[in-house]
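Step one of this worksheet: look at the structure below.
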Protein chains: 2
Amino acid sequence: MSVAVENFVKAIYKNGKSNNNDTKPGNIAKELGISNAAATDMAKKLAVKDLINYEKYQELKLTDKGTKMALNVVRKHRLWEALLFKLFDMSLHDIHREAELLEHQTSDLLANKISEYLGNPKFDPHGDPIPNANGEITTTDTSISLSNTKEGKQYIISRLMSDDKEFFDFCSQNGLKYGNTVLVSKQFSSNKMTQISINNNTILLNEDFTSIIYVNEQD
Amino acid sequence: MSVAVENFVKAIYKNGKSNNNDTKPGNIAKELGISNAAATDMAKKLAVKDLINYEKYQELKLTDKGTKMALNVVRKHRLWEALLFKLFDMSLHDIHREAELLEHQTSDLLANKISEYLGNPKFDPHGDPIPNANGEITTTDTSISLSNTKEGKQYIISRLMSDDKEFFDFCSQNGLKYGNTVLVSKQFSSNKMTQISINNNTILLNEDFTSIIYVNEQD
DNA sequence: TAAAATATTTAAGCTTACTTAAATTTTATT
DNA sequence: AATAAAATTTAAGTAAGCTTAAATATTTTA
């Protein structure tokens with residue numbers, strides 16, 4: 001399938017999981033940087049191909065076939081991120097951008113080779129789960145956002161859910177990395193700020209950050 | 001630039017080096033699997049972009065800008081082949097097919113990272129030279145085709161110039177691999193066949209094969 | 001709950017990269 | 001050198017994936 005189609009189903013999948021859970025054409029259009037009209041147009045075309053269910057003015061819903069396609073692309077994206085992260089010294093943001101292109105030009109065979117080479121990893125360098133060859137995500141995510149953590153407890157960073165360059169630059173400068181340990185020293189519930197300690201540094205994060213950094217409680 | 005444009009200048013570059021040295025639209029069209037009309041069309045468009053010099057009914061000539069673009073794509077193609085060959089157990093034909101797609105979705109940054117990771121190799125797994133980041137091929141190719149070798153001498157395989165699956169299958173089954181040694185036991189000039197010995201096996205090759213297998217004399 | 005704001009859809013049109021068919025030019029052949 | 005064959009070019013048309021503008025429906029808010 002074309003790049004435009006793959007990106008369209010991927011955007012529906014992604015927005016269905018977050019982004020206000022809104023998969024109406026306007027939100028998908030914003031995600032993809034195209035006009036609302038183009039999104040409606042594409043939605044109708046993909047309904048004919050049985051990739052989405054389309055009803056006027058309603059949310060776009062992926063069919064099983066569409067979900068499978070989205071997960072196949074997501075798998076390739078995350079495998080590329082994992083491979084590039086392992087082999088090369090590149091920023092997470094750059095890695096994301098390369099993967100965004102490579103994901104559409106990767107055969108299932110190559111994806112499987114990459115997976116095998118990496119030891120069939122369950123997560124990419126952001127902590128996002130990598131679907132298996134059948135398009136299934138077998139891991140159950142028990143992580144919570146930093147904004148929902150408790151004062152005085154230690155957590156391990158499990159996901160950095162963003163593709164923004166500024167965010168990654170900030171994270172890498174401050175040791176906010178998949179697998180690292182943070183201590184939540186204070187929750188300022190009034191203004192939704194969170195104070196954390198990491199590598200002997202104290203950082204104050206606002207909700208823009210704490211809502212997309214996911215962690216697991218340290219045993 | 002678009003995939004179609006990149007493939008077009010690449011085809012001119014490639015056909016200019018071999019394929020009867022014919023870069024007229026018809027031959028480029030055949031190379032790309034498009035109609036002659038489409039090739040003429042594209043030629044005119046690329047002339048406007050100063051990628052080729054176009055004169056009616058004449059050969060298509062790459063400008064400096066066009067040559068640079070072609071070499072940039074060739075560099076990425078060959079770097080991908082080298083990387084996939086190193087990391088994964090895949091046939092040369094499969095590797096070629098993947099590289100054919102990946103080459104268009106690779107930033108210069110990533111290409112340089114791949115090159116660095118591989119130790120800035122000068123050749124890909126077919127023995128084809130890899131242009132450097134400036135689009136220069138610094139190595140001088142002294143190899144000759146198997147059809148031009150002398151009886152009784154030993155040669156080292158330096159290039160397998162094809163992207164045909166059957167050819168690669170035959171080669172890998174018979175030890176015809178980049179870097180391997182062959183003894184030319186007999187040249188049948190009458191019917192343009194060449195008899196070689198490799199791994200204690202004797203093989204008789206016709207000109208279809210001997211013209212695309214390149215070798216260097218063993219010192 | 002009616003008006004205002006917002007979002008979606010429809011309609012018309014554009015560009016890229018093709019296609020086939022017909023016209024024209026070049027190349028090969030005798 | 002004339003004619004036949006082959007290649008190139010021109011012309012007209014198509015599909016994908018967009019655009020903007022206008023029409024229509026939904027959602028918000030006062």
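Chain naming here is simple, since letters A, B, ... match the order of the sequence lines and numbering starts at 1 in each. The structure presented is a predicted model; accordingly, all values stated were derived computationally and were not measured.
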Heavy-atom protein contacts under 4.0 Å, nucleotides 9-24 of chain D, coded B base, S sugar-phosphate only, - none: BBB-----BBBB----

Atom-pair distance ([atom1] on [X]; [atom2] on [N]), nearest Å:
X	N	atom1	atom2	value
K30(B)	dC18(C)	NZ	P	18 Å
I28(A)	dT9(C)	CD1	C1'	16 Å
N7(B)	dC18(C)	CG	P	9 Å

Cationic N near anionic O, under 4.0 Å, K10(B) to E100(B): yes

K68(A)/D64(A) salt bridge by N-O under 4.0 Å criterion: no

Position toward the 5' end of DNA chain D (nearest nucleotide), K24(A) or K24(B): K24(B)

Cation over ring face, K86(A) and Y117(A), 6.0 Å, 45°: yes

For F188(A), all residues meeting ring pair (Phe, Tyr, Trp, His ring centres under 6.0 Å), sequence neighbours excluded: none

Listed partners of F123(B) passing ring pair (Phe, Tyr, Trp, His ring centres under 6.0 Å), at least two apart: none

Within-4.5 Å side-chain heavy-atom neighbours: V74(A) and N72(A): no

